[in-house]
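Have a look at the structure below before the remarks.
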Amino acid sequence: MIPYRNEPLTDFSLSAHREEMQQALARVSEQLGRTYPLVIGGQTINSDTIMESLNPCQHQQVVGRVAQGNKEHAEQALQAAWDAFASWSRVPIATRADYLFKLAALMRRQKRELTAWLVLEVAKNWVEADADVAEAIDFCEYYARQALEIDQGTSLTAIPGERNTMIYIPLGAGLVISPWNFPLAILMGMTAAAIVAGNTVVIKPANSAAVIGAKVMELMQAAGLPAGVVNYLPGSGSEVGEYLVNHPRTRFINFTGSMEVGLRINQQAAIAQPGQIWIKRVVAEMGGKDSIVVDETADLEAAAQGIVQSAFGFQGQKCSACSRAIVVDAVYDQVLDRVVELTKQLSVGPAYDNYRVNAVIDAAAFAKITSYFKECASEGRLLTGGEYDDQQGYFIQPTIFADVDPEARLAQEEIFGPVLSFIRANDFQHALAIANNTIYGLTGSLYSNCRARLEQAKQEFHVGNLYLNRGCTGALVGVHPFGGFNMSGTDSKAGGPDYVKLFMQAKSISERL
Ligand code: NAP
Ligand code: MG
């Protein structure tokens with residue numbers, strides 16, 4: 001087996017790659033508007049209820065029509081997962097890992113098409129969409145290798161007269177609930193880890209990205225996974241999602257999404273239902289309010305570039321996005337001016353045409369993000385952006401508020417859009433205190449050339465993913481294991497060496513010789 005390495009990103013400055021991308025977009029455009037059924041126990045199932053998934057940049061365009069599951073479908077899906085568990089849990093780990101290698105190979109082969117689907121369904125520009133596909137490939141390659149390592153076993157202390165071992169076994173049938181913002185990578189990663197561990201799953205994709213969810217299911221089928229190992233159950237989160245969260249036979253829930261939903265799932269899953277014989281395991285990765293701190297010793301140009309990229313990449317719709325730039329007074333105006341200047345250069349337009357900044361995901365997100373412009377206008381000086389237009393697509397100009405109070409709503413709430421707040425700090429100590437002042441703790445960056453401060457940040461900047469002298473987005477599988485502290489989640493460290501084991505339980509076996 002070749003050693004793990006990250007899937008290379010595509011260089012779209014090369015005309016050959018641009019042409020391939022244009023062709024893939026044209027091919028995918030011809031497939032818009034198709035209907036995607038549920039897949040339960042290997043059977044496709046149509047539903048009376050259909051949800052239309054729209055192109056955020058052009059919301060008249062229907063990307064796909066997705067069948068919506070109801071409670072009966074949810075019941076069937078969980079039953080199908082348990083039926084499949086009996087044999088899947090006994091399939092050797094090495095064989096299960098092979099399915100992940102196959103998934104990675106299939107995604108490599110269909111890379112441009114998958115990228116095009118992401119461009120059209122969630123409005124990622126080509127670079128962001130390509131990175132989402134690469135991450136999905138990485139998760140499969142990485143978790144397959146992790147599973148093979150787990151298969152090597154652990155060594156225990158030996159005592160005379162006994163043979164002692166500890167093995168990792170799967171949990172059972174579980175639920176995977178994914179967000180729309182990394183609809184391929186996160187859904188694929190959460191699912192791949194669970195199944196390579198020997199579990200079977202019901203996947204509930206986010207509604208705004210359910211066509212990509214269907215593509216994930218198609219990949220599972222193309223990889224030859226036995227029926228019922230993965231069951232595709234699109235539908236309303238509050239209906240089928242919640243139904244299965246509360247179900248006594250759901251063994252685990254692997255959730256990524258907002259804090260509100262994650263906390264609700266955690267709370268509901270904690271209640272033992274009649275007939276339930278286990279404590280449900282909940283892995284919940286949730287929101288963020290991430291900061292980049294800049295001190296007076298920093299490379300200010302690098303800091304400004306890092307802030308702009310981290311704040312406005314994918315319209316700020318990343319859990320890791322920089323939504324707060326906390327800059328010490330001595331260089332505050334300088335950094336702010338440069339960030340505003342760079343932000344004004346960002347092109348805004350359709351993802352299809354590869355503009356840097358594209359539409360936000362849907363009408364609800366558009367309404368929520370722009371509500372801050374009205375409700376929080378007095379919380380900061382608006383330096384650029386603040387304009388929006390949803391006639392064709394849900395476009396919001398990259399927006400910067402300056403001189404925001406660290407306790408203001410703009411500085412505390414996850415807006416999840418292209419909105420950046422600048423916060424002035426007296427000095428580095430003060431900046432670090434502000435950086436730690438939210439309920440979240442996902443990512444954070446410090447730009448500084450002072451070794452003592454970098455070391456201090458390692459100890460005191462309380463985030464799951466700390467970056468020094470680089471932006472706070474773009475975690476790579478295997479390189480930057482990802483997961484947050486506090487209300488950002490259970491710190492599961494997706495893409496890290498401990499992740500697959502979260503979906504397993506250890507069994508100690510002791511034999512008297
Ligand atoms: P969301 O609104 O919480 O939805 C996530 C998933 O939960 C969707 O599939 C949703 O279904 C489902 N859901 C909604 N209500 C539910 C309920 N009562 N019971 C069970 N499931 C339910 O999140 P999102 O808007 O898709 O994604 C954005 C959020 O995800 C942001 O807060 C972002 O920070 C976070 N995120 C975190 C990470 C991380 O690694 N920490 C990564 C990516 C995103 P519907 O589509 O039907 O609503
Ligand atoms: Mg949502």
Side-chain angles (χ1 to χ4, degrees), residues 49 51 53 56 66 68-69 71 74 121-122 132 135 139 175-187 189-190 202-213 216 232-247 250 253-269 280 282-290 314-323 360-362 364-365 368-369 413-417 438-443 463-465 472-475 477 480-496 499:
T49 320
M51 189 254 348
S53 176
V66 183
Q68 298 287 280
K71 286 175 188 166
E121 192 178 33
V122 299
D132 197 324
E135 190 176 4
F139 277 133
L175 179 58
V176 173
I177 304 181
S178 58
W180 52 264
N181 71 332
F182 282 83
L184 185 64
I186 291 183
L187 179 55
M190 290 203 296
V202 177
I203 58 176
K204 207 313 268 174
N207 257 326
S208 349
V211 172
I212 306 284
V216 168
Y232 172 63
L233 182 75
S236 152
S238 49
E239 190 190 343
V240 291
E242 200 154 316
Y243 178 78
L244 288 181
V245 165
N246 283 301
H247 201 291
T250 296
I253 299 145
N254 193 8
F255 170 81
T256 305
S258 63
M259 177 186 73
E260 290 73 18
V261 175
L263 289 179
R264 187 176 172 83
I265 288 174
N266 190 47
Q267 186 177 11
Q268 293 182 329
K280 287 174 193 165
V282 176
V283 173
E285 292 309 312
M286 318 194 299
K289 188 72 188 174
D290 311 302
F314 190 36
Q315 298 77 261
Q317 302 173 113
K318 299 182 187 179
C319 52
S320 55
C322 167
S323 59
V360 300
I361 188 71
D362 58 19
K368 183 190 162 191
I369 297 162
E413 296 175 11
E414 186 185 49
I415 301 171
F416 221 59
T438 77
I439 58 175
Y440 296 106
L442 191 43
T443 74
V463 290
N465 284 70
C472 61
T473 59
V477 173
H480 314 111
F482 192 81
F485 296 161
N486 294 345
M487 286 296 181
S488 290
T490 49
D491 190 37
S492 66
K493 290 294 184 275
Y499 191 75

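The figures here come from the full heavy-atom set of this structure, side chains too, leaving out hydrogens, waters and symmetry mates. Note that ligands are numbered from 1 as they come in the structure, with each ligand's atoms numbered from 1 the same way.
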Check: Thr490/Ser492 side-chain N/O donor and acceptor closer than 3.5 Å = no
Nearest to atom 44 (C) of ligand 1 by heavy atom, Thr443, Asn181, Leu175, Thr490: which?
-> Asn181
Under 4.0 Å from ligand 1, counting heavy atoms only, is it the side chain of Ser208, its backbone, both or neither?
-> neither
If hydrogens are left out, which of Ser178, Ser488, Gly257 has an atom nearest to atom 35 (C) of ligand 1, that is, the closest non-hydrogen atom?
-> Gly257
For Gly235, the ligand 1 atoms with a heavy-atom partner under 4.0 Å come out as 47 (O)
Heteroatom proximity flag, Asn207 to ligand 1, N/O under 3.5 Å = yes
Polar contact flag for Met286 and ligand 1 (N/O pairs, less than 3.5 Å) = yes
For Leu442, the atoms of ligand 1 under 4.0 Å from one of its heavy atoms are 41 (N)
Quick one: which ligand 1 atoms are inside 4.0 Å of a heavy atom on Ile186?
-> 42 (C), 43 (C)
Applying a strict 4.0 Å limit to heavy atoms, is Ala365 in contact with ligand 1?
-> no
Atoms of ligand 1 close to Pro205 [distance to a heavy atom under 4.0 angstrom, numbered from 1] | 9 (O)
Which ligand 1 atoms, with their elements, are less than 4.0 angstrom from a heavy-atom of Phe255?
-> 3 (O), 5 (C), 6 (C), 7 (O)
Can you check whether Gly241 has an N/O within less than 3.5 Å of an N/O in ligand 1?
-> no
Closest heavy-atom pair and its distance - Met259, Met487 | SD-CB, 3.6 Å
Near Ser236, which atoms of ligand 1 are under 4.0 Å from a heavy atom of that residue?
-> 47 (O)
Going by the order shown, which atoms of ligand 1 are within less than 4.0 Å of some heavy atom of Ile177?
-> 6 (C), 7 (O), 9 (O), 12 (C), 20 (C), 21 (N)
Logged contact type for Phe182 with ligand 1, heavy-atom cut-off 4.0 Å, is neither
Single hit among Val176, Asn266, Val245, Val261 for side chain to side chain contact (heavy atoms under 4.5 Å, CB included) with Phe255 | Val261
Give the atoms of ligand 1, by number and element, whose distance to some non-hydrogen atom of Thr256 is under 4.0 Å.
-> 5 (C), 37 (C), 38 (C), 39 (C), 40 (O), 42 (C), 43 (C)
Please indicate whether Gln267 has more than 12 foreign heavy atoms, meaning atoms of other residues, nucleotides or ligands, lying under 6.0 Å from its CD.
-> no
Please check if any side-chain donor atom of Glu414 sits under 3.5 Å from a side-chain acceptor atom of Ser323, or the reverse.
-> no
Does the side chain of Thr256 come within less than 4.5 Å of Val283's, by heavy atoms?
-> no
Measure the SG-CG distance between Cys319 and Asp290 for me, rounded to the nearest 0.5 Å.
-> 7.0 Å
Nitrogen or oxygen atoms of Lys318 and ligand 1 under 3.5 Å apart = no
